[in-house]
Amino acid sequence: DHTTFYLGKITADPAWHFYLVILAIRLTEITFLGFVLGIYIWWKKRKEDMDLWILLWIWLIVYIVVMSLANKKLEVRYVLPIYPVILIFAAWGLLGTLRRILLWTKHWHGLKIIGNDLFPVVLVMIMVAAYNLPLLYYYHPSYYLYYNHMTRGPEGAKSLTTVGVNEGIKEAALYVKKNYPQEEKI
């Protein structure tokens, strides 16, 4: 039997929305924003290219439903297989929004913007990198401690789920290896 800390309580069977909450607090703010924008843009254009988007929606929904039915629910690693779908929606949302902004500014203000369709893609990549690289540096080497600031970061996440699982293991193993070299197994 396995218990999980969720929404301030220790429980053997967290609610069906466990993974939705975990995703919401684990995605970076820019990914979360892009995902929401991607869903909005999909809704507006849902008649176009339906085959690809139906497959993505099926994968996303079926996986979340199946994982949510299980009694044992453990943190974010169990939903990693849907991250590519979330990132596709997020990229589509950020790119679509940026394209609309660029078209609006060009149309309404007469700005000359590079006509190449690659410009918005490069701009989105730069924006995502500029946002995420400082986070990578700040949380190195304990990336598992990242919780987005919509939940007040790791401090706010403490009231929602277990924070800091397996953190410090690398440092502990190095300490034991350095101070007890005669031990063959760590």
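Predicted model only: the values in this text are computed from it and were never measured.
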Any side-chain heavy-atom pair of [X] and [Y] under 4.5 Å:
X: W59; Y: P81; value: yes
X: I82; Y: M67; value: no
X: L56; Y: L60; value: no

Atom [atom1] in [X], atom [atom2] in [Y]: separation rounded to 0.5 Å?
X: Y78; Y: L80; atom1: OH; atom2: CG; result: 11.0 Å
X: H17; Y: L7; atom1: NE2; atom2: CG; result: 6.0 Å
X: M127; Y: L94; atom1: CE; atom2: CG; result: 6.0 Å
X: H149; Y: T28; atom1: NE2; atom2: OG1; result: 11.5 Å
X: L33; Y: Y131; atom1: CG; atom2: OH; result: 10.0 Å
X: L135; Y: Y138; atom1: CG; atom2: OH; result: 10.0 Å

Looking at [X], I'd like to know if its [atom1] atom is crowded, meaning that more than 12 non-hydrogen atoms belonging to other residues, nucleotides or ligands lie closer than 6.0 Å.
X: L133; atom1: CG; answer: yes
X: M125; atom1: CE; answer: no
X: F32; atom1: CZ; answer: no

Over all atoms of both residues, closest heavy-atom pair of [X] and [Y]:
X: M150; Y: E29; result: N-OE2, 4.0 Å
X: P134; Y: A129; result: CD-O, 4.1 Å
X: S68; Y: W16; result: OG-O, 3.1 Å
X: R26; Y: Y83; result: CB-OH, 3.8 Å
X: R100; Y: I41; result: NH1-CG1, 3.4 Å

Whether the side chain of T151 engages the backbone of N148 through a donor-acceptor N/O pair (distance < 3.5 Å, no angle test) should be reported.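 Flag set: sc T151 to bb N148 pair under 3.5 Å.
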[Y] reachable from [X] in the ILVMFWY side-chain graph, under 4.5 Å edges:
X: W43; Y: L55; answer: no
X: Y147; Y: Y137; answer: no
X: L87; Y: V124; answer: no
X: I88; Y: I39; answer: yes

Quick one, I64 with L23, criterion side chain to side chain contact (heavy atoms under 4.5 Å, CB included). Give me CA distance, side-chain angles, the key distance, then yes/no. CA-CA 11 Å; I64 286 287; L23 283 169; 3.9 Å; yes
Apply ring-ring contact (aromatic ring centres under 6.0 Å, His included) to the pair W53 and F89, showing each step before the final yes or no. CA-CA 9 Å; W53 297 106; F89 271 100; 5.1 Å; yes
